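Here's the structure we're looking at; comments come further down.
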There are 2 protein chains.
Amino acid sequence: MSESGAALRNTRQRSAVSALLAEVEGFHSAQDLHAMLRSRGERVGLTTVYRTLQGLADAGEIDVMRPPGGEHLYRRCSEGHHHHLVCRVCGRTVEVAGPAVETWAERVAAQHGYADVSHTLEIFGTCPGCVR
Amino acid sequence: MSESGAALRNTRQRSAVSALLAEVEGFHSAQDLHAMLRSRGERVGLTTVYRTLQGLADAGEIDVMRPPGGEHLYRRCSEGHHHHLVCRVCGRTVEVAGPAVETWAERVAAQHGYADVSHTLEIFGTCPGCVR
DNA sequence: GCGTTTTTGACAATCATTCTCGTTGTCACG
DNA sequence: CGTGACAACGAGAATGATTGTCAAAAACGC
């Protein structure tokens, strides 16, 4: 399960997706990213973009958000566990860390005998620029 | 369109959905609930189930969860704000309250100038019965 | 009962995501 | 450097939950 068996291959497409994610700010949908790659002249299939994003997400290199609107949004984030504070108008996102929340979640789960705990948490609000 | 004059009507279908939600335990998808109603002999359209669930969710009478699997899950829950601790194997769910989390979220959002704050939080784990 | 207005429901439409499968590119090894 | 095995690609089809449509049916006030 660790890095021993997988043997991922280095491909042009994978690099392209990674490179794009390194440049863009904020969250973007798979289709969005695919369109950007296309307009850059990169020839990458939509299927591959999905596969690559999934792989990166599994590897923990990018974060996935499922907003109440439908499509999955991906973003390259700082390492380590954190959550997002998202403006529901313009989408501006701030990464926030909440050690207290992590321990709280662990404790609550443990109290009920649940093991192997993970959690999802998003905070939505209206950012200063969108309030007026 | 205006919220003041809405005047919802009492219909057999609406009652059926409500009644079913009052009986079943745990989260169920719209399609799931629809199938149950059908097998009971209730004649309700799938479209209506969706509409009714949405209405109930808007009214705050049921909770909606979007698990990483795809479909929306609905459940009749206790009143008031709370979150869910869900077994990722069998789906067994515990309602948990975390006043500390609520205030933390508010505070973090306020620090960044975000107003009108809401949040979503789910905890996933493996429940005692599914661990072995 | 009667008319008005909401609600229903069968079906079509939408649309992001996943699957399929023949083709192509990588990489390890000789 | 050549070659073979096999992962990765990609175009299009398939999937499947959710939403839109609109004529017909049901509920409520009087």
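Quick note on labels: first sequence line is chain A, next is B, and so on, each numbered from 1. Bear in mind the structure is a predicted one, so any value in this text is a computation, not a measurement.
- Side-chain N/O atoms of His119(A) and Glu106(A) include no donor and acceptor closer than 3.5 Å.
- In this structure the side chain of Tyr114(B) reaches within 4.5 angstrom of the side chain of Pro128(A), judged on heavy atoms.
- Taking atom NE2 of His34(A) as the reference point, atom P of dC9(D) lies 13 Å away to the nearest angstrom.
- The side-chain hydrogen bond (donor to acceptor under 3.5 Å, both in side chains) contacts involving residues 10-25 of chain A comprise Glu23(A)-Arg40(A), where partners must be two or more places apart or lie in separate chains.
- Every residue was checked against the ring-ring contact (aromatic ring centres under 6.0 Å, His included) condition with His112(A), not counting sequence neighbours, and none meets it.
- Remark: Arg92(B) engages no residue in a salt bridge (Lys or Arg N to Asp or Glu O under 4.0 Å) (not counting sequence neighbours).
- Atom CZ of Arg66(B) is separated from atom P of dA17(D) by 14 Å (rounded to the nearest Å).
- Under the 4.5 Å side-chain heavy-atom criterion for ILVMFWY residues, a single connected hydrophobic cluster contains both Val64(A) and Met36(A).
- Qualifying side-chain contact (heavy atoms from CB on, under 4.5 Å) partners for Phe124(A), counting only residues two or more places apart in sequence or in other chains: Pro68(A), Val86(A), Arg88(A), Glu122(A), Ser118(B), Thr120(B).
- Here dT24(C) presents its P atom at 12 Å from CZ of Arg43(A), a figure rounded to the nearest Å.
- For Gln13(A) and dA8(D), the shortest distance from a side-chain N or O to OP1 or OP2 is not below 4.0 Å.
- Applying the salt bridge (Lys or Arg N to Asp or Glu O under 4.0 Å) criterion to Glu71(A), with sequence neighbours excluded, gives no partner residue.
- Applying the ring-ring contact (aromatic ring centres under 6.0 Å, His included) rule to pairs touching residues 9-44 of chain B yields Phe27(B)-His84(B), sequence neighbours excluded.
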At a cut-off of 3.5 Å, list every protein nitrogen or oxygen paired with a nitrogen or oxygen from nucleotides 26-30 of chain C, distance to 0.1 Å.
unit_1: dT26(C); atom_1: O2; unit_2: Arg9(A); atom_2: NH1; d: 3.0
unit_1: dC27(C); atom_1: OP1; unit_2: Asn10(A); atom_2: N; d: 3.3

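- For DNA chain D, none of the residues of residues 55-63 of chain B falls under the heavy-atom distance limit of 4.0 Å.
- The hydrophobic clustering, which links ILVMFWY residues whose side-chain heavy atoms are closer than 4.5 Å, places Met65(A) and Val96(A) apart.
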Checklist entry - Which dot-bracket notation, 5' to 3', represents the base pairing of DNA chain D when pairs are defined as Watson-Crick or G-U with both distances under 3.5 Å, crossing pairs as [ ], and inter-strand pairs as |? => result ||||||||||||||||||||||||||||||

Could you list, one pair per line, each protein nitrogen or oxygen that sits under 3.5 Å from a nitrogen or oxygen of nucleotides 18-20 of chain D, together with the distance?
unit_1: dT18(D); atom_1: OP1; unit_2: His72(B); atom_2: N; d: 2.7
unit_1: dT18(D); atom_1: OP2; unit_2: Tyr50(B); atom_2: OH; d: 2.6
unit_1: dT19(D); atom_1: OP1; unit_2: Gln54(B); atom_2: NE2; d: 3.3
unit_1: dT19(D); atom_1: OP2; unit_2: Gln54(B); atom_2: NE2; d: 2.7
unit_1: dG20(D); atom_1: O6; unit_2: Thr47(B); atom_2: OG1; d: 3.4

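- Using a 4.0 Å heavy-atom cutoff across all strands shown, Arg51(B) reaches at least one base atom of the nucleic acid.
- At whole-Å resolution of the value, CG in Asp32(B) and C1' in dG16(D) are 15 Å apart.
- Val89(A) forms part of no hydrophobic cluster, judged by ILVMFWY side-chain heavy-atom separations under 4.5 Å.
- The CG-P distance, from Leu37(B) to dT8(C), rounds to 13 Å in whole Å.
- Inter-residue side-chain proximity for Asp63(B) and His82(B) is flagged as met; some heavy-atom pair is nearer than 4.5 Å.
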Only pairs under 3.5 Å count here: list side-chain donor-acceptor contacts from residues 43-54 of chain B, not counting sequence neighbours, and write none if there are none.
unit_1: Tyr50(B); atom_1: OH; unit_2: Gln31(B); atom_2: NE2; d: 3.0
unit_1: Thr52(B); atom_1: OG1; unit_2: Thr48(B); atom_2: O; d: 2.7

